[in-house]
Protein chains: 2
Amino acid sequence: MKIAVDAMGGDNAPDVVVAGVERARDEDSQLEFLLFGDEARVRPLIQNDERITLVPTTEEISGNEAPVQAIRRKKDASMVRAARAVKDGEADALLSLGSTGALLAAGLFIVGRIKGVDRPGLMPTLPAATNDHGFVMLDVGANADNRPVHLYQYAVMGNFYAKDVRGIPNPRVGLLNNGTEPHKGDELHQAAYQLLTEASGLNFVGNVEATGLLDGVADVVVTDGFTGNAALKAVEGTAHTLLHALKDTIMNSGVKGKVGGLLLRNEIRGVADKFDASRYGGAVLLGLQAPVVKAHGAADVRTVYYTIKQVADMVSKQTITKFVQYFDAHKIAVPEEK
Amino acid sequence: MKIAVDAMGGDNAPDVVVAGVERARDEDSQLEFLLFGDEARVRPLIQNDERITLVPTTEEISGNEAPVQAIRRKKDASMVRAARAVKDGEADALLSLGSTGALLAAGLFIVGRIKGVDRPGLMPTLPAATNDHGFVMLDVGANADNRPVHLYQYAVMGNFYAKDVRGIPNPRVGLLNNGTEPHKGDELHQAAYQLLTEASGLNFVGNVEATGLLDGVADVVVTDGFTGNAALKAVEGTAHTLLHALKDTIMNSGVKGKVGGLLLRNEIRGVADKFDASRYGGAVLLGLQAPVVKAHGAADVRTVYYTIKQVADMVSKQTITKFVQYFDAHKIAVPEEK
């Protein structure tokens with residue numbers, strides 16, 4: 001299998017990208033890479049070019065550019081060329097650490113949507129205190145305005161991914177809402193609740209609240225892209241601020257606290273690791289004709305490596321091909337659908 | 001000043017309510033209380049009835065009842081009678097630990113809105129890593145569907161409260177959005193952004209993301225009630241899950257970890273206290289003709305005490321009276337306003 005990698009995206013590119021690619025390549029003899037980037041910067045970083053083809057590109061897309069315009073104008077950007085390689089069948093999947101907005105645009109306009117999927121959703125896998133497989137949540141920001149049918153489609157997509165890639169037999173699908181009672185929420189969520197209740201083949205457990213996310217209240221959390229974005233960022237920000245405050249307090253404490261910190265080092269690291277989402281890889285842009293995965297812009301070598309493993313897992317399991325059939329069997333026509 | 005207290009609301013009522021009231025009464029000779037509740041249960045709990053008038057009531061509202069119906073039907077519920085006392089001028093403010101929905105209904109239909117405020121907003125004060133005054137956020141769930149003018153009014157209300165009650169001279173007002181750039185968000189937030197940019201007398205710092213909430217990215221965080229509810233619950237749930245996991249890990253660790261935990265006990269407690277919102281009191285239902293404050297259902301005596309101090313602060317500063325004038329000077333007429 002061949003993975004197209006945008007070597008230029010992210011805060012620590014291309015260094016961490018190349019190192020992550022080489023680590024994954026060393027561990028899995030089936031992996032081949034098309035690496036898109038500035039030859040002068042990327043070539044010297046490659047220790048061993050076995051199963052790595054560097055494709056020189058001359059442009060990059062920054063996080064400050066208007067995504068759709070950037071994708072259309074910068075034909076030779078590393079991200080655009082990588083997406084084009086997937087579209088043209090030269091690669092099986094796309095990985096980037098670059099601008100989320102630009103990757104969404106490249107996914108939509110170059111790789112292309114699966115027929116019937118109205119709005120591809122951005123879906124990270126997050127940790128849960130109560131199990132090891134974590135949970136997926138979508139959409140966390142590919143779309144700002146959603147209709148009920150989009151939320152239904154997110155449920156179908158997330159459910160399939162949780163089963164096929166995460167290996168969860170009968171995923172509990174929950175709708176993120178402002179209370180657990182069936183009538184809760186705004187019009188969008190009330191209507192989505194109805195669609196999910198009537199859906200076949202989903203283990204719909206009803207409304208869930210953001211309080212229970214990290215406690216593993218559902219395996220698939222369905223949400224509109226605006227709310228999901230806020231909930232995800234609130235989880236990430238709170239975890240970061242709390243762990244940072246704890247480390248700061250220990251560093252600035254007296255001898256007693258510092259000794260305590262040393263003795264507890266493994267435990268604190270254990271908790272930080274347990275709630276570190278990067279071991280699950282990146283966020284999948286689900287609903288496209290190939291796996292397109294966004295790793296965090298601040299990703300390190302380890303995260304790039306985990307994300308490649310995730311992408312390779314989707315390719316080897318033929319997740320997208322199987323999903324196209326599954327979706328066709330589970331799509332619904334609702335009055336509001338165009 | 002006289003505070004009407006619903007003695008029957010909350011998980012640990014009426015015990016913690018009575019104890020909190022007595023503690024506050026002991027510390028502040030200006031405080032008088034009207035305590036509404038089941039005489040057989042409440043009377044025996046009162047150690048000293050100085051400045052405490054027990055008003056016997058025969059009904060209670062549970063969290064499972066439809067709020068508006070409950071308020072209308074249960075005329076002798078402790079919460080309804082307490083709200084009525086405020087409406088009739090027998091008390092200056094209302095405090096309850098009971099159902100949020102019912103308190104919102106009692107606030108709207110009995111205490112009444114301030115003229116011109118379209119939608120009162122529910123506003124907690126939350127801690128920030130970078131300062132001691134924390135930040136306020138509204139709406140966190142009084143409303144599920146908001147229009148841009150509601151968000152503008154939340155900004156005006158939160159700004160006034162932050163100045164008058166929290167003592168922040170020039171509060172930074174931020175709009176919770178899915179990115180910091182001005183064009184970000186759905187239609188609602190794009191339109192709200194415009195209104196806030198054009199508003200006079202507000203130190204509008206633009207869009208803020210949920211990642212930065214606990215880092216104190218703004219002093220007043222403006223959000224629609226649906227997103228705000230999810231963000232608040234995500235913050236609360238993440239903090240709870242992480243601190244719980246840390247305690248669990250220490251308890252289940254070996255001797256080394258347990259000793260470390262003992263040595264670090266003050267530091268861990270310090271972090272937990274720093275991010276414990278209860279020292280700021282409860283959530284204010286802002287936009288009503290009197291202070292109406294909701295303390296957490298699981299509140300302990302200390303939290304009830306802090307919330308009474310918060311309510312007393314609003315009464316003694318005449319926050320609502322001053323706000324009515326302030327709001328009149330800062331209200332805007334927008335096309336969509338009814």
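Protein chains get the first letters and strands the later ones, always in sequence-line order, with residue 1 at the start of each. Predicted model, so just to flag it, every value in this text is computed and none were measured.
- Close approach to chain A, defined as a heavy atom under 4.5 Å from one of its heavy atoms, is seen in B:F275 of residues 273-280 of chain B, taken by number.
- Proximity to chain B (any heavy atom under 4.5 Å) is shown, for A:D186, by both the backbone and the side chain.
- Tested against B:T227 for a side chain to side chain contact (heavy atoms under 4.5 Å, CB included), the candidates A:T227, A:D224, A:N178 yield a single pass: A:T227.
- The parts of A:I268 that come within reach of chain B are both its backbone and its side chain, each placing non-hydrogen atoms under 4.5 angstrom from that chain.
- With a 4.5 Å cut-off on non-hydrogen atoms, A:N266 touches chain B through its side chain but not through its backbone.
- With respect to A:V271, the side chain to side chain contact (heavy atoms under 4.5 Å, CB included) criterion is satisfied by exactly one of B:L242, B:L243, B:I250: B:L242.
- Considering NZ of A:K256 and CG of B:L262, their distance stands at 9.0 Å, rounded to 0.5 Å.
- Note on A:A239, A:A129, A:G212: by heavy-atom pairs under 4.5 Å with chain B, the leading option is A:A239.
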Worked verdict on B:L246 versus A:L246 for side chain to side chain contact (heavy atoms under 4.5 Å, CB included): CA-CA 11 Å; B:L246 187 62; A:L246 187 62; 3.5 Å; yes
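- Residue-environment remark: CG (B:N252) exceeds the threshold of 12 foreign heavy atoms within 6.0 Å.
- Considering only heavy-atom pairs separated by less than 4.5 Å from chain B, the leading option among A:A231, A:G257, A:G179 is A:G257.
- Residue contact with chain B, scored on non-hydrogen atoms closer than 4.5 Å, involves the side chain of A:H189 exclusively.
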